[in-house]
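A quick write-up on the structure given underneath.
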Amino acid sequence: MDRAHWLGRAHRRTGEHRRLYIRPSHSREAIVIAHLTGPELFRSDGTVAIGPLRRDLLDVYLRWTNDPVTMRGNGRTELEDREALRTGLDVMLSGENRHVTIYDPARRDHGAGPLPVGTATLSIDRPVAAAEYLITLGEEGRGRGLAAPATRLVLDVGFEDEGLENVYLTVLEPNVAGIRAYKQAGFRLIGHRRRSALWAGRRVDEILMDAIPTSRTSGRGRQPVAT
């Protein structure tokens with residue numbers, strides 16, 4: 001089983017990319033991503049769409065991973081190395097977990113396709129039909145209400161395509177926006193790990209949440225993308 005937690009950490013479990021942080025305000029202009037051409041998409045709800053990871057987006061993934069907001073939300077202080085990220089991406093593309101790129105269909109990159117705005121992973125423990133959920137939104141994906149619908153789409157993949165019975169996550173307690181988005185997508189609070197992580201150098205609790213097939217919230221017209 002592919003034990004990768006996230007890009008650049010495919011060879012070992014570190015938990016560095018386990019939390020979502022949504023910055024409440026930023027420029028809403030699309031950030032140009034060069035050479036984006038008609039990506040493969042397999043689910044969309046009209047608000048967001050998801051498709052597989054792409055090697056041609058390596059430098060975009062690296063920018064998201066090393067974004068200061070992402071790093072703070074993950075309790076991480078060291079920048080990711082491009083070569084480590086490339087190696088991790090190769091492992092994930094050949095592994096058994098579900099890794100997706102998140103797109104905003106309302107914004108285009110020079111007409112070449114929907115704008116990539118983030119990534120998400122289901123790190124699957126197949127013998128027990130459970131998975132850990134991980135999400136990163138780049139700057140261009142924050143503050144637009146995309147986290148909850150993207151999470152709902154990934155839960156659809158987990159429960160409907162992968163046959164999962166439980167999806168769980170951890171999120172840092174100060175990350176109020178992230179917790180709210182998870183709740184909107186159908187996750188429920190199940191516990192705390194006290195003083196187990198760092199937020200901007202400050203010792204904080206981790207919030208534990210999970211979702212099961214019957215706990216999903218309804219989404220606006222989400223459906224597989226026709227092929």
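Quick note: residue numbers are just sequence positions, from 1. Worth saying up front: this structure is predicted, and the values here are computed from it rather than measured.
- Judged by distance alone, with hydrogens and angles left aside, the side-chain atoms of T151 form no donor-acceptor pair with the main-chain N or O of Y182 at under 3.5 Å.
- The two atoms that bring D45 and P149 nearest to each other are OD2-CB, 3.3 Å, heavy atoms only.
- Between the side chains of E140 and W64, at least one donor N or O lies within less than 3.5 Å of an accepting N or O.
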*Would D205 and R195 count as a side-chain contact (heavy atoms from CB on, under 4.5 Å) if you check the C-alpha gap in whole Å, the side-chain angles of each, and the deciding distance to 0.1 Å?*
CA-CA 4 Å; D205 292 357; R195 297 177 56 78; 4.1 Å; yes

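- Between the side chain of R126 and the backbone N or O of E96, at least one donor-acceptor pair lies under 3.5 Å.
- Put simply, the side chain of P52 does not reach to within 4.5 Å of the side chain of H99, judged on heavy atoms.
- A distance of 5.5 Å separates CD1 of I124 from CG of N97, quoted to the nearest 0.5 Å.
- Between D161 and R43, at least one side-chain nitrogen of the basic residue sits less than 4.0 Å from a carboxylate oxygen of the acidic one, meeting the salt-bridge criterion.
- Heavy atoms only, all atoms of each residue included: P39 and R54 are closest at CB-NH1, 3.4 Å.
- Surrounding CZ of R203 are more than 12 heavy atoms belonging to other residues, nucleotides or ligands, all under 6.0 Å away.
- Of all heavy-atom pairs between P116 and L57, the closest is CG-CD1, 4.0 Å.
- For the pair F159 and V167, the minimum side-chain heavy-atom distance is below 4.5 Å.
- Annotation for I102 and A120: closest pair CD1-CB, 4.2 Å, computed over non-hydrogen atoms.
- Here the side chain of T170 pairs no donor or acceptor atom with the backbone of L208 at under 3.5 angstrom.
- Atom CG of L172 and atom CZ of R193 lie 10.5 Å apart (nearest 0.5 Å).
- Using a distance-only test at 3.5 Å, with no hydrogens or angles considered, no donor-acceptor pair links the side chain of R194 to the main chain of E206.
- Put simply, the side chain of T87 gets close to the backbone of E83: a donor and an acceptor are under 3.5 Å apart.
- At a threshold of 4.5 Å between non-hydrogen side-chain atoms, the residues L122 and E132 do not count as touching.
- With hydrogens and angles disregarded, no donor-acceptor distance shorter than 3.5 Å links the side chain of D125 to the backbone of A131.
- Using modelled atom types, one side-chain atom of R142 and one backbone atom of L137 make a donor-acceptor pair closer than 3.5 Å.
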_One pair to check against side-chain contact (heavy atoms from CB on, under 4.5 Å): Y168 and M209. What are the steps and the verdict?_
CA-CA 6 Å; Y168 62 94; M209 306 179 76; over 6 Å; no

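- In this structure, R108 is not positioned above the aromatic face of Y103 in the sense of NZ or CZ being under 6.0 Å from the six-membered ring centre and within 45° of the axis.
- Heavy atoms only, all atoms of each residue included: L79 and M71 are closest at CD2-SD, 3.6 Å.
- Going from atom CD of E173 over to atom CZ of R202 covers 8.5 Å, rounded to the nearest 0.5 Å.
- Residues L169 and L134 have side chains not in contact (no heavy-atom distance under 4.5 Å, counting atoms from C-beta outward).
- N166 places no side-chain N or O within donor-acceptor distance of the main-chain N or O of I212, the cut-off being under 3.5 Å.
- Ion pairing between R144 and D104 holds under the 4.0 Å rule for side-chain N and carboxylate O.
- Put simply, L53 and L85 are part of the same group of oily side chains (I, L, V, M, F, W, Y) that touch within less than 4.5 Å, one to the next.
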*Given the rule in the side-chain contact (heavy atoms from CB on, under 4.5 Å) test, do N66 and R76 qualify, once you have shown the distances and angles that lead to the verdict?*
CA-CA 9 Å; N66 289 336; R76 190 163 54 89; 3.8 Å; yes

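- Using a 4.5 Å heavy-atom threshold, the side chains of V100 and T119 count as separate.
- With a 4.5 Å cut-off on side-chain heavy atoms, L62 and L58 do not count as touching.
- Using a 4.0 Å cut-off between charged side-chain N and carboxylate O, R86 and D90 make a salt bridge.
- Across all non-hydrogen atoms, the minimal contact from P105 to V48 is CD-CA, 3.6 Å.
- A side-chain donor-acceptor contact under 3.5 Å links S44 to the backbone of G46.
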_side-chain contact (heavy atoms from CB on, under 4.5 Å) between I50 and T101, intermediate numbers included_ = CA-CA 6 Å; I50 56 175; T101 301; over 6 Å; no

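- The backbone N or O of Y61 lies less than 3.5 Å from a partner atom in the side chain of T65, making a donor-acceptor pair.
- Side-chain contact between I207 and L189 is present, with at least one heavy-atom pair separated by less than 4.5 Å.
- Proximity of Y133 to T121: side-chain heavy atoms (C-beta onward) are nowhere separated by under 4.5 Å.
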